[in-house]
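Quick caveat: nothing in here was measured; it's all calculated off a predicted structure.
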There are 2 protein chains.
Amino acid sequence: MRDLSEASGVPVATIKFYLRERLLQPGEHTHPNQSLYTDSHVRQIRLIRALTDVGGLSVSTAKAVIGVLDLPGQSVHSVLSLAHRAMAPLATTPDTAEFRDARNSVDALLYRLGWDVSPDNPGRDGVAIVLSTVTSLQQPQLTAVLEPYARAVESVALADLEAVTAAGAAHADRDAMVETAVIGVVVGDALLLHLRRLAKEHISSGRLSRPPFGSPSPERPRTTDPSEEM
Amino acid sequence: MRDLSEASGVPVATIKFYLRERLLQPGEHTHPNQSLYTDSHVRQIRLIRALTDVGGLSVSTAKAVIGVLDLPGQSVHSVLSLAHRAMAPLATTPDTAEFRDARNSVDALLYRLGWDVSPDNPGRDGVAIVLSTVTSLQQPQLTAVLEPYARAVESVALADLEAVTAAGAAHADRDAMVETAVIGVVVGDALLLHLRRLAKEHISSGRLSRPPFGSPSPERPRTTDPSEEM
């Protein structure tokens, strides 16, 4: 157990917690007080860390995602569908006219985009909830971002697919593809949001750094901390 | 209070909670047992809902973001920076060689992209944590997604900027721009992740739905639920 902690860089107490929660498979019992752990355990622990720390998943969601990884004989596509469902259990959708309108707009958007998506993909309701919120906040300008966002995630999904295909080619087995696909889903969400923070600063720095509708402020060097403007 | 609950669609108990947590400004006291609430309160409640329910922010983070909105005289850019920092308090970064390598790769990526980003943008560490995780999981294929992801969020940030500019043009005031900008940050994250689920299914449905390295499965109509493949 101590060796496992050193190899994975995760404290013994945390590993015991993973075992108790059945996130981690137990080692082989060799002595009454000793278990044998292998490289596969180190790998499993790293995966759990990726899902919970980087992906921000709860323990129960991480357990569901890992459970999906262990299903035998699934196509990569269906494992991905299952992983998505495990990560986003269907939210209770509000039974309001606004929500139904938003849901119809989402269906129309998907039709316009030509996207081939099953009717029960939880993303449909997810986008509709965002859309009805934006409408209730009287932010019509924000609905205009839908199509550019959709085009952007389309290229993100293509990049994901290429990574999964490359993993399959490198290892010539399904398990490697599935693992890359699922890690890509979870870790990719985090990556997207962090990169968005960077892109937002880059894009807005030149154009929104002056007080709008006021007199132009003098040019500042761009290495200063924006919070110093206070 | 009961009227406010009806107008906003939020239960009285929740509104009391918002008042207690100082998320919501108190109404004007008109009688010992009565307060006057205005349309501005309805709007505030909707904003709180958007931040907590749709954006998934904790109460304390939502309070920090709303606090940023109320700062007078800030440029839209600096309000956005502050909102980003409120939403992503600096994570403690691991002091490992792997993390430092990843951090250097992120700096190199930003240089290659030509992005103008301050050294303390929390996205730098965020991307580096994802990158070092992917490396420790031995998923080199996933590092190849960095550049396409970056290009995608660049167009997302441009769409955000256009929405903010449109809000400014429609209302000709800074507060409207700031509000649209901050709502866009929070709600946009959720939108991006939900749209990604849809795009992923669309992109992978045609290409990964057959068991890899096996015999081709017969064509299925794409309206069936992928989970039925189990």
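- When all heavy atoms are compared, the tightest approach of Gly184(A) to Arg196(B) is O-NH2, 3.1 Å.
- The shortest non-hydrogen separation linking Ala50(A) to Thr133(B) is CB-CG2, 3.5 Å.
- The parts of Thr180(B) that come within reach of chain A are both its backbone and its side chain, each placing non-hydrogen atoms under 4.5 angstrom from that chain.
- Judged as a side chain to side chain contact (heavy atoms under 4.5 Å, CB included), and not counting sequence neighbours, the contacts of Ser136(A) are Arg46(B).
- In terms of heavy-atom pairs under 4.5 Å with chain A, the best-connected choice from Ala181(B), Ala159(B), Ala199(B), Ala150(B) is Ala199(B).
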Please list every donor-acceptor pair under 3.5 Å in which a side-chain atom of residues 140-147 of chain A meets a protein atom from a residue at least two apart or in another chain.
from, atom 1, to, atom 2, distance (Å)
Thr143(A), OG1, Pro140(A), O, 2.7
Glu147(A), OE2, Arg112(A), NE, 2.9
Glu147(A), OE2, Arg112(A), NH2, 3.2

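- Among the residues in residues 97-107 of chain A, none has a non-hydrogen atom closer than 4.5 angstrom to a non-hydrogen atom of chain B.
- A distance-only check finds no donor-acceptor pair linking the side chain of Arg197(A) to the backbone of Gly126(B) [under 3.5 Å].
- For His202(A) (side chain) and Val117(B) (main-chain N/O), no donor-acceptor pair under 3.5 Å exists by modelled atom type.
- Contacts of Glu154(A) with chain B are made by both backbone and side-chain atoms, with heavy-atom separations under 4.5 Å.
- Atom CG of residue Leu110(A) and atom CG of residue Leu198(B) lie 5.5 Å apart, to the nearest 0.5 angstrom.
- Neither the backbone nor the side chain of Arg49(B) comes within less than 4.5 Å of any heavy atom in chain A.
- Listed options Val187(B), Asp53(B), Val42(B), Leu137(B) were ranked by heavy-atom pairs under 4.5 angstrom with chain A; first place goes to Leu137(B).
- Between Trp115(B) and Leu195(A), the shortest heavy-atom distance links the atoms CZ3-O, 3.9 Å.
- The shortest non-hydrogen separation linking Gly188(A) to Tyr149(B) is O-CE2, 3.6 Å.
- Under the side chain to side chain contact (heavy atoms under 4.5 Å, CB included) criterion, Ala190(B) pairs with Val130(A), Val54(B), His194(B), sequence neighbours left out.
- Looking at Val134(B), only its side chain comes within 4.5 Å of chain A, counting heavy atoms on both sides.
- Most heavy-atom pairs under 4.5 Å with chain B: of the set Arg151(A), Glu179(A), Gln139(A), this distinction falls to Gln139(A).
- No donor-acceptor pair under 3.5 Å is formed between the side chain of Glu201(B) and the backbone N or O of Asn121(A).
- Here Leu158(A) contributes atom CG and Ile203(B) contributes atom CD1; the two are 4.0 Å apart, rounded to the nearest 0.5 Å.
- In terms of non-hydrogen atom pairs under 4.5 Å with chain A, the most contact-rich of Leu131(B), Val185(B), Val156(B), Asp160(B) is Asp160(B).
- The shortest non-hydrogen separation linking Ser155(B) to Ala152(A) is OG-CB, 3.8 Å.
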